There are 2 protein chains.
Amino acid sequence: MATIRDVARHAGVSISTVSLALNGTGPVSDETRARIDAAVAAVRYTPNLMAQNLKRGQSKLIGMVLGDAANPFFGRLFGTIDKHISGHEHMLIVANLASDPDRELRTLTLLKRHRVAGIIMTPLRNDPEFAAHLNELDVPVVLVDQDVDGTALDFVTSDHRRGAEMLTAYLARLGHRRIAYIGGQRNMWAAERRLEGFRSAMAEAGLEVDPELEIVADYSADLAYDNVMRLMSSPARPTAILAANNYMAVGALQAVTDLGFRCPDDVSIAGIDVVAWNSIVMPRITTVEQPIDELARVASLWMMEHVRGEVARIAERRCHVAEPRLVIGHSCAPPPK
Amino acid sequence: MATIRDVARHAGVSISTVSLALNGTGPVSDETRARIDAAVAAVRYTPNLMAQNLKRGQSKLIGMVLGDAANPFFGRLFGTIDKHISGHEHMLIVANLASDPDRELRTLTLLKRHRVAGIIMTPLRNDPEFAAHLNELDVPVVLVDQDVDGTALDFVTSDHRRGAEMLTAYLARLGHRRIAYIGGQRNMWAAERRLEGFRSAMAEAGLEVDPELEIVADYSADLAYDNVMRLMSSPARPTAILAANNYMAVGALQAVTDLGFRCPDDVSIAGIDVVAWNSIVMPRITTVEQPIDELARVASLWMMEHVRGEVARIAERRCHVAEPRLVIGHSCAPPPK
DNA sequence: CGATCCTATCGAAACGGTTCGATATCAATG
DNA sequence: CATTGATATCGAACCGTTTCGATAGGATCG
């Protein structure tokens with residue numbers, strides 16, 4: 001592969017002159033510039049970014065760590081962030097955790113070895129050991145969707161608590177009293193916020209939470225299916241089910257359908273963050289949507305500010321909390337008499 | 001950030017010894033090794049991959065170019081490829097074309113500047129100019145899903161033609177004679193194969209294709225919606241609709257539903273590659289599924305063979321054609337009397 | 001006309017590693 | 001005891017750039 005030396009030789013100038021000409025730094029006569037351009041084309045020169053970055057001390061690479069690439073939420077998040085980032089001749093190194101928290105530390109280390117200019121991530125873990133690693137990483141990080149307690153990193157999220165509140169309050173207004181909640185892992189930040197929102201809205205509506213109806217299903221459709229099967233087979237079954245993410249809403253609807261119940265006639269179902277294909281799900285599920293584009297825009301913007309050194313590393317952490325949007329579908333109705 | 005020099009100074013040895021010890025190349029006494037390990041921990045040394053790669057002449061980065069990150073097909077493809085690749089301490093630089101063919105060349109150039117060890121891509125363009133660029137790129141490339149005529153690059157795909165044939169034949173067996181086909185862009189490789197499959201299966205069944213019922217909707221849900229609205233409003237409306245991808249199947253079902261028709265009673269709908277949420281779409285759409293995991297596995301395997309130099313650049317191109325799977329749902333029935 | 005200042009170009013030193021060819025030490029060999 | 005061969009370590013060159021300081025020629029100035 002052609003190097004800058006080949007260009008210099010071909011154009012009959014020194015390599016420093018080639019560098020000056022190509023980067024537009026330093027004065028170069030028009031005639032020399034023309035000869036260099038011709039040489040570049042002749043030897044098919046493509047600057048070696050690894051060498052440039054090594055010399056400049058910073059790479060034009062930004063790490064992105066996704067919780068689960070198969071989930072459309074992350075696909076849209078990545079796509080939109082890529083749109084913003086790639087305009088600045090940067091590129092994204094993307095790693096997929098596949099919902100496995102054990103891969104998280106190893107992934108961060110690998111990204112650091114690549115000397116990425118920054119990392120945008122949706123963390124899975126939220127514990128002191130992980131927070132310590134994050135703090136010692138010495139690379140700008142913007143967290144998206146999930147916070148990590150004990151760090152002072154920029155954080156962009158939608159208001160998970162408020163989203164759960166909106167849906168719960170909506171179900172309560174319809175007259176439901178026995179509302180089941182299918183939640184995510186207990187130690188994950190967003191899951192905790194959603195659970196808080198559910199509980200607070202229940203209390204606000206003067207309703208009691210039956211511990212039997214508060215399920216932890218780890219964001220998995222299968223676990224949600226099994227649990228809803230069990231719940232709905234009990235005589236004290238709920239009249240409404242609130243699922244904390246899109247997968248679990250799918251699992252819940254499937255279980256309800258398989259048991260021969262009709263939704264929303266026999267039981268109402270609402271879900272958080274049911275994206276994309278929701279438009280053709282019958283019945284269309286009532287949901288709160290996360291404003292993914294807004295999250296991506298702010299995260300990219302802040303990351304580029306870090307990369308350009310426009311924000312001091314020690315500066316106070318920034319938080320952006322986006323408002324979720326309640327989308328009424330046809331999966332909720334007043335409870336059966 | 002600590003360099004190998006810091007480690008050497010701290011351990012009281014030369015930098016070459018540190019390198020030999022850390023890479024396990026060359027003999028190092030146990031005592032020295034221990035001192036070096038201690039020094040690494042003390043100065044918090046992380047090897048600079050940019051420097052290593054520069055010296056070694058090859059990066060541990062593999063480029064991945066996605067047609068449209070928001071489409072779950074690409075999310076799952078990326079996730080599975082990442083699983084295979086990252087086991088070999090490689091990482092993926094991912095770029096999203098967002099269905100815009102104009103970004104394709106620029107993206108490839110940028111990846112080449114990063115000196116990626118190889119590129120896995122789902123191309124959008126299929127024209128001689130693009131093929132020429134690909135041939136001159138001088139980087140191992142594995143194409144997935146879409147071929148580019150005029151190149152001899154490794155190619156992994158599912159049998160698009162056969163998938164369309166299976167669905168068409170299925171509809172014909174149910175008794176449909178007026179079958180509409182909603183296709184993708186005419187110049188895209190996979191779209192052409194699917195169209196071929198539709199036509200061949202129609203001929204095979206002794207059915208005539210009404211040119212009015214062969215629609216090009218560019219893989220867009222909105223265009224499919226508009227076109228199906230028009231088709232179904234005509235007196236000579238079809239009794240079955242075959243959509244060439246998941247988005248268009250959704251658009252078609254939506255249009256049919258909005259017009260007050262019932263599926264499958266009034267009109268049957270089948271789609272290619274309706275993934276993920278299909279399990280709760282009511283009615284569940286009959287579809288052929290692409291074996292994404294198989295595509296990802298073979299593509300990763302071939303790429304790693306290229307990276308390790310196990311396959312000559314001039315070798316004959318390899319093609320892997322995976323068999324799609326017909327998944328019968330509830331969206332198809334015999335035509336109304 | 002000598003001093004001063006651009007302008008255009010160049011040589012050489014980095015950047016942070018790897019690796020090849022010394023060198024030094026020491027036990028085994030004939 | 002001189003030779004040989006491991007074993008452990010080191011110095012220096014190199015990967016492909018950027019960039020700083022130096023140089024040389026020509027125009028401008030007092």
Side-chain angles (χ1 to χ4, degrees), chain A residues 1-37 39-40 43-61 89 109-117 138-139, chain B residues 1-37 39-40 43-61 89 109-117 138-139:
Chain A
M1 194 151 299
T3 75
I4 199 173
R5 244 164 280 269
D6 300 321
V7 178
R9 196 176 316 127
H10 199 279
V13 295
S14 74
I15 60 174
S16 34
T17 305
V18 177
S19 178
L20 295 179
L22 258 34
N23 295 307
T25 145
V28 177
S29 71
D30 290 349
E31 190 238 330
T32 308
R33 193 180 301 273
R35 280 221 315 286
I36 290 177
D37 287 346
V40 165
V43 304
R44 291 241 206 89
Y45 172 65
T46 332
N48 185 331
L49 261 176
M50 294 192 304
Q52 293 184 315
N53 292 337
L54 174 60
K55 182 63 192 170
R56 290 181 176 139
Q58 202 204 33
S59 84
K60 294 226 176 288
L61 252 20
E89 74 171 351
T109 312
L110 206 44
L111 285 174
K112 179 170 183 177
R113 289 187 50 190
H114 276 287
R115 295 295 188 270
V116 291
D138 202 30
V139 174
Chain B
M1 194 152 300
T3 76
I4 199 173
R5 251 160 271 269
D6 300 322
V7 178
R9 196 177 315 127
H10 200 277
V13 294
S14 74
I15 61 173
S16 33
T17 304
V18 177
S19 177
L20 295 180
L22 258 35
N23 295 308
T25 146
V28 177
S29 71
D30 290 350
E31 190 238 329
T32 308
R33 193 181 300 274
R35 281 223 313 285
I36 289 177
D37 287 347
V40 165
V43 303
R44 291 243 206 87
Y45 172 63
T46 332
N48 184 332
L49 262 176
M50 294 191 307
Q52 292 183 315
N53 293 338
L54 175 60
K55 180 63 191 168
R56 290 181 175 139
Q58 204 204 35
S59 83
K60 293 224 175 292
L61 252 19
E89 73 172 352
T109 311
L110 207 45
L111 285 175
K112 177 167 184 178
R113 289 187 51 187
H114 275 287
R115 294 295 186 272
V116 291
D138 200 31
V139 174

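So that the names make sense, note that chain A is the first sequence line, chain B the second, and so on, each numbered from 1. The shown structure was predicted, so the numbers you read here are calculated from the model rather than taken from an experiment.
Rounded to whole Å, the distance from CD1 on Ile15(A) to P on dA13(C) is 13 Å. Going from atom CE of Met50(A) over to atom C1' of dT18(D) covers 16 Å, rounded to whole Å. Atoms CZ (Arg115(A)) and C1' (dC15(C)) sit 12 Å apart, rounded to a whole Å. One interatomic measurement links the two molecules: CG of Asp6(A) to C1' of dG16(D), which rounds to 11 Å at whole-angstrom precision. If you take CG of Leu22(B) and P of dG17(C), they are 10 Å apart, rounded to a whole angstrom. Across the protein-nucleic acid pair, Ile36(A) atom CD1 and dT9(C) atom C1' stand 10 Å apart, rounded to whole Å. What separates CE of Met1(A) from C1' of dT17(D) is a distance of 16 Å, to the nearest Å. Atom CD1 of Ile4(B) is separated from atom P of dA12(D) by 17 Å (rounded to the nearest Å).
One N or O donor and one acceptor, one from the side chain of Ser16(A) and one from the base of dG11(C), sit under 3.5 Å apart.
A 4.5 Å side-chain heavy-atom check between Arg115(A) and Leu54(A) finds every atom pair outside the cut-off. Proximity of Met50(B) to Arg56(A): side-chain heavy atoms (C-beta onward) are nowhere separated by under 4.5 Å. Counting heavy atoms from C-beta outward, Tyr45(B) and Leu22(B) have side chains that approach closer than 4.5 Å.
At a threshold of 4.0 angstrom between heavy atoms, the contacts of Asn23(A) are confined to the sugar-phosphate backbone, with no base atom among them. Among the heavy atoms of the strands, none lies under 4.0 Å from Thr25(A). Within 4.0 Å (heavy atoms only), Ser29(A) reaches sugar-phosphate atoms of the nucleic acid but no base atom. Nucleic acid contact class of Arg56(A) (heavy atoms, under 4.0 Å, all strands): sugar-phosphate only.
One finds no side-chain N or O of Thr17(A) lying less than 4.0 angstrom from the OP1 or OP2 phosphate oxygen of dT9(C).
Between Thr32(B) and Thr3(A), the residue anchored closer to the 5' end of DNA chain D is Thr32(B), taking for each the nucleotide with the nearest heavy atom. Mapped onto DNA chain D by nearest heavy atom, Ser14(B) and Leu54(B) fall at different nucleotides, with Ser14(B) at the one closer to the 5' end.
Here dA8(C) is the nucleotide among dA13(C), dA8(C), dT7(D) with the atom lying nearest to any side-chain atom of Pro27(A). When distances run from any side-chain atom of Leu20(B) to the nucleotides dA8(D), dG16(C), dC10(D), the shortest one goes to dC10(D).
Between the side chain of Asp6(A) and the backbone N or O of Thr3(A), at least one donor-acceptor pair lies under 3.5 Å.
In terms of heavy-atom proximity, Arg35(B) sits nearest to Gly12(B) at NH2-O, 4.1 Å.
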